[in-house]
Amino acid sequence: MAKLTAKQESFCLAYIETGSASEAYRQAYNCKAMKPPTISVKASELLANGKITVRLEELRAPVRKRAQISLHQHLDDLKRLRDKAENEGKFSAAVTAEVSRGRASGLYVEQIELTGRDGAAIQVINAEMPADVAATLYKEMLGSS
């Protein structure tokens with residue numbers, strides 16, 4: 001187990017519960033004098049901390065293990081639906097079911113590349129990134145244009 005301060009551990013538990021790094025930061029730290037962008041940056045910095053990352057993975061491990069059973073069943077159900085649609089000549093539905101299987105398996109990762117005024121990439125936002133971090137990056141990009 002990663003050695004964390006009490007506030008860092010509290011942040012990790014709140015992050016697992018809420019899914020929001022900013023909200024987790026508000027719950028774990030005194031933020032009364034902080035503006036929302038500052039909270040978002042501080043929360044992002046915590047998420048980038050290696051000890052925090054390790055602890056979050058430790059907390060997620062049992063949930064992921066349980067989810068694998070339901071993921072396996074979900075994939076089987078989608079395969080069954082795909083096969084049924086294909087056998088009935090409903091190819092659009094079959095393709096949709098197959099794409100859904102791919103997304104559930106993690107084969108497709110949607111991402112957005114933000115560019116600056118010069119067209120150079122400044123940040124890639126993807127589905128794995130916490131929503132509040134992605135939103136902050138997106139707002140920063142809009143503010144810089």
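All of these numbers come straight from a predicted model, not from anything done at the bench. Positions are given from 1, in the same order as the sequence printed here.
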To the nearest 0.5 Å, atom CG of Asp77 lies from atom CZ of Arg82 at 12.5 Å

Interatomic distance, CE@Met34 vs CZ@Arg26, rounded to 0.5 Å, equals 10.5 Å

Worksheet entry | Same apolar cluster (I L V M F W Y, side chains within < 4.5 Å links), Leu81/Val95 | no

Between Lys79 and Asp83, is there a side-chain N and carboxylate O pair less than 4.0 Å apart?
yes

*asked:* Assess, by modelled atom type and distance only, whether the side chains of Glu45 and Asn49 contain a donor and an acceptor separated by less than 3.5 Å.
replied: no

Is there a path of hydrophobic side-chain contacts, each under 4.5 Å between heavy atoms of I/L/V/M/F/W/Y residues, joining Leu4 to Leu13?
yes

Taken to the nearest 0.5 Å, the spacing of Thr5 OG1 from Phe11 CZ works out to 11.0 Å

CD of Gln8 to CG of Leu46, rounded to nearest 0.5 Å, is 6.5 Å

(message) Under 4.0 Å between a side-chain nitrogen and a carboxylate oxygen: does that hold for Glu88 and Lys84?
(response) yes

Scanning both residues in full, the closest heavy-atom pair of Cys12 with Leu59 reads CB-CD1, 3.9 Å

CD (Glu58) and OG1 (Thr53) are apart, to the nearest 0.5 Å, by 11.0 Å

Practice item. Check whether any side-chain heavy atom of Glu98 sits under 4.5 Å from a side-chain heavy atom of Leu78, and report yes or no. Key: no

Closest non-hydrogen contact found for Ala24 with Tyr15 is CB-N, 3.4 Å

| message | Is the shortest side-chain heavy-atom distance between Thr96 and Phe91 below 4.5 Å? | response | no

Output for pair (Arg60 CZ, Arg55 CZ), nearest 0.5 Å, gives 11.5 Å

What one should report as the nearest heavy-atom pair of Ala94 and Ala85 is N-CB, 3.7 Å

Here the pair of heavy atoms bringing Ile39 nearest to Cys31 is CD1-CB, 3.8 Å

* Ser10 side-chain N/O to Ala6 backbone N/O, donor-acceptor pair under 3.5 Å -> no

Nearest heavy-atom contact between Leu47 and Ala21 is CD1-CB, 3.5 Å

